[in-house]
4 protein chains.
Amino acid sequence: MRTATAKRQRLMEAAARVVHQQGAERTTIADIARAADVPVGNVYYYYKTKDELVAAALGEHARQLGMLTGGLDLLADPRERLKGLVKAWVSQRDVAARYGCPTGTLAVELDKRAEGGLDAEAGRVIRLLLDWTERQFRELGLPDPDGLALTLVGAYQGMSLLANALRDPAVMTRQGDRLIGWLDSLPEGDRTPAAG
Amino acid sequence: MRTATAKRQRLMEAAARVVHQQGAERTTIADIARAADVPVGNVYYYYKTKDELVAAALGEHARQLGMLTGGLDLLADPRERLKGLVKAWVSQRDVAARYGCPTGTLAVELDKRAEGGLDAEAGRVIRLLLDWTERQFRELGLPDPDGLALTLVGAYQGMSLLANALRDPAVMTRQGDRLIGWLDSLPEGDRTPAAG
Amino acid sequence: MRTATAKRQRLMEAAARVVHQQGAERTTIADIARAADVPVGNVYYYYKTKDELVAAALGEHARQLGMLTGGLDLLADPRERLKGLVKAWVSQRDVAARYGCPTGTLAVELDKRAEGGLDAEAGRVIRLLLDWTERQFRELGLPDPDGLALTLVGAYQGMSLLANALRDPAVMTRQGDRLIGWLDSLPEGDRTPAAG
Amino acid sequence: MRTATAKRQRLMEAAARVVHQQGAERTTIADIARAADVPVGNVYYYYKTKDELVAAALGEHARQLGMLTGGLDLLADPRERLKGLVKAWVSQRDVAARYGCPTGTLAVELDKRAEGGLDAEAGRVIRLLLDWTERQFRELGLPDPDGLALTLVGAYQGMSLLANALRDPAVMTRQGDRLIGWLDSLPEGDRTPAAG
DNA sequence: GATGAATGAGACTTCATTCAT
DNA sequence: TATGAATGAAGTCTCATTCAT
């Protein structure tokens, strides 16, 4: 029991890591098996296809995202939560400059697929982030919270992509600062929760 | 000669198109050959490796970008040029929602590569766009023109990625409107060209 | 003990059924284990190799054949016994049209094998049927009883194969009627049992 | 052209031969490639899947059957044609005793498949033989010509299977003689061709 | 005896690249 | 130049069998 679950976990984490670094297409089952220290043939006991492993990698990223937002939820002020999110992004600047945003880059790859049902999976994880972000803007009482969420998350995806393409972590820092300033500049909205 | 050049051209265009739609890894030489109506064996006369074909696809995207900015340069007002750029992006909303930004998605794929020298190629094309954009902001006399360029191009990459991941062209429209508003809100800076 | 024997039995029956339906090569140990509701790892306690399981399936078919002929032996007239055999075949027409004769189709598959000793096993089961049939013809006092047995059993194998290949149970009915007619047309031979 | 066609031919013949000897499931692409003296990777240039190769093997058997019946058609008397068919079968007795009827055994294997569309293919080849046979009986003016065809072809499949299962070519000879006698015993029917 | 997990050989298939005309 | 054909190195996946509790 323990062992089985542990190995599944190891495989999932290894898949998340290696796929982030090499991309889904260039990553072989053998790569993941090696990274997880599991014999190749045994991988299929836990995940029946490579696609299932990629889905698991995506799930792992969703889990990590959940841990991040879960921690931020402890902050009282929604604005502080959003600023905390931006700071977390910036703290990952070196990884972003080398490999991009794990979910965003995976979305790019998977969206090219016509078949397999995996092509919409990454979108779902991104929507989790959008939804959480929108919730913060709504709590701030700002108008068009989902538009603001698109803007913030879009900015993150854009700066990650540029940092990656230019191989320059400073892009993350500079744009992160700008986003912090933007969040600070937003007015305090009407906090009265929408009736119904 | 003419024929040969024409075939090169056809292959380049086909590569740009097919690679944009399927991604570099999932695209086979045969796919491109078929799209260009060139026999498989003949491809190698024009491009010695698949990487060269991908580079050619990138070059084609750079060419198309050049045509776009070239057209915009005819406008007198830099602010109008930038707004024209945004409008051009939005006009491509359906393609973006399906396949993302050609250069951005290619950058994501190629940046995962450790070897081959192709990993930095996409960054160069993106820099062309950044440079042109920065030039407009500078001409407007605004401070930190390269930061502004990062912001504008980043926003484009971000909204393309989100539109693609969510399969929703409306993301392009909404964020495009926001960018137009932002550009309009920017103050008229000091137009005195930097002495240098 | 009881339990163990019961499991052996379940496995044998499951093997007979699944191998008949899917063929020996396409049937996996896991298929049989699932059909017998036995954990995969446990199968090997009862049958050391897959070949042993296939042999067991063959044994099960032999057992069922024995039950059939055993019942027919209760009939006083050998001719009636043979007609009963044919009727039993025809009653299985739907199964035959879908999967063929269990023993015959298994013989076809196993006979292709050069090694393992299993290649002659199916022949032995078929010989059981031939021997019983020959005995009936002999009891009828007919000349060349083993030739007649070959004819009858061959007709059965042939009509099963055709019914299966054409996916048409009517083949069994039509040819069954013909065989009944043939059996009825055979003269009453000299019943004096062969001395020695 | 010549080369390509020749290799396709070689592969088809090799597939027919090896699949007959080893069975479709136990035959690997490598086996066929080796038998045809073609590099494994090259096989796929001619046949996109293993199933296509098996279908080609079946086609080869159909072709050989066509050559046989084509030759027999030169005989004036339909009864002689049928007797010629039986004699041809008997002449193959050693192959039949070792590997069975090529088409019949392939039908047995393929009929176990639920998917792929190959499961009905062998039935089609067998029907070719049935149709030709039925035509002869009809020309003889006999009633129920398709029932007679089922009987004759069924007898062939049955005796091939028994000869194979018992590893005894004599089964072919004995049953062949019986069939010849049966054909000779059939009355000369009404030769008036059916109006219509 | 019972069982989930482990293992490794081997099968099918794809594809970038090269070759022979 | 042009082209169908050739080649071989991977990669994904399956499965009989074995192992460790």
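Residue numbering restarts at 1 for every chain, and letters A, B, ... go by the order of the sequence lines.
- Of the candidates E/dT7, E/dA6, F/dT7, E/dA6 carries the atom nearest the A/Lys7 side chain, counting heavy atoms from C-beta on.
- C/Arg113 meets the side-chain hydrogen bond (donor to acceptor under 3.5 Å, both in side chains) test with C/Glu25, C/Asp51; sequence neighbours excluded.
- Between E/dA6 and A/Tyr46, a contact under 4.0 Å exists linking OP1 or OP2 to a side-chain N or O.
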Which donor-acceptor pairs under 3.5 Å do side chains of residues 29-42 of chain C form with protein atoms, sequence neighbours excluded?
residue : atom : partner : partner atom : Å
C/Asp31 : OD1  : C/Thr28 : OG1          : 3.4
C/Asp31 : OD2  : C/Thr28 : N            : 3.1
C/Asp31 : OD2  : C/Thr28 : OG1          : 3.3

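- Every ring-ring contact (aromatic ring centres under 6.0 Å, His included) that D/Tyr99 has, sequence neighbours left out, goes to D/His20.
- C/Glu121 pairs by the side-chain hydrogen bond (donor to acceptor under 3.5 Å, both in side chains) definition with C/Arg124, not counting sequence neighbours.
- Spacing between E/dG1 and F/dT21 at atom P, rounded to whole Å, works out to 22 Å.
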Item to check | Base-contact (B) and sugar-phosphate-only (S) positions in nucleotides 13-21 of chain E, heavy-atom cut-off under 4.0 Å, - elsewhere | outcome: BBSSBB---
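- Listed by chain and residue number, C/Asp111, C/Ala122, C/Ile126, D/Ala165 satisfy the side-chain contact (heavy atoms from CB on, under 4.5 Å) test with C/Ala107 (two or more places apart in sequence, or in another chain).
- Not counting sequence neighbours, the partners of B/Gln64 by the side-chain hydrogen bond (donor to acceptor under 3.5 Å, both in side chains) test are B/Glu60.
- Taking a pair as Watson-Crick or G-U wobble with both distances under 3.5 Å, DNA chain E forms stems of 3 or more consecutive pairs at E:2-21 with F:2-21.
- Within residues 112-122 of chain A, no residue is approached by DNA chain F to less than 4.0 Å at the level of any non-hydrogen atom.
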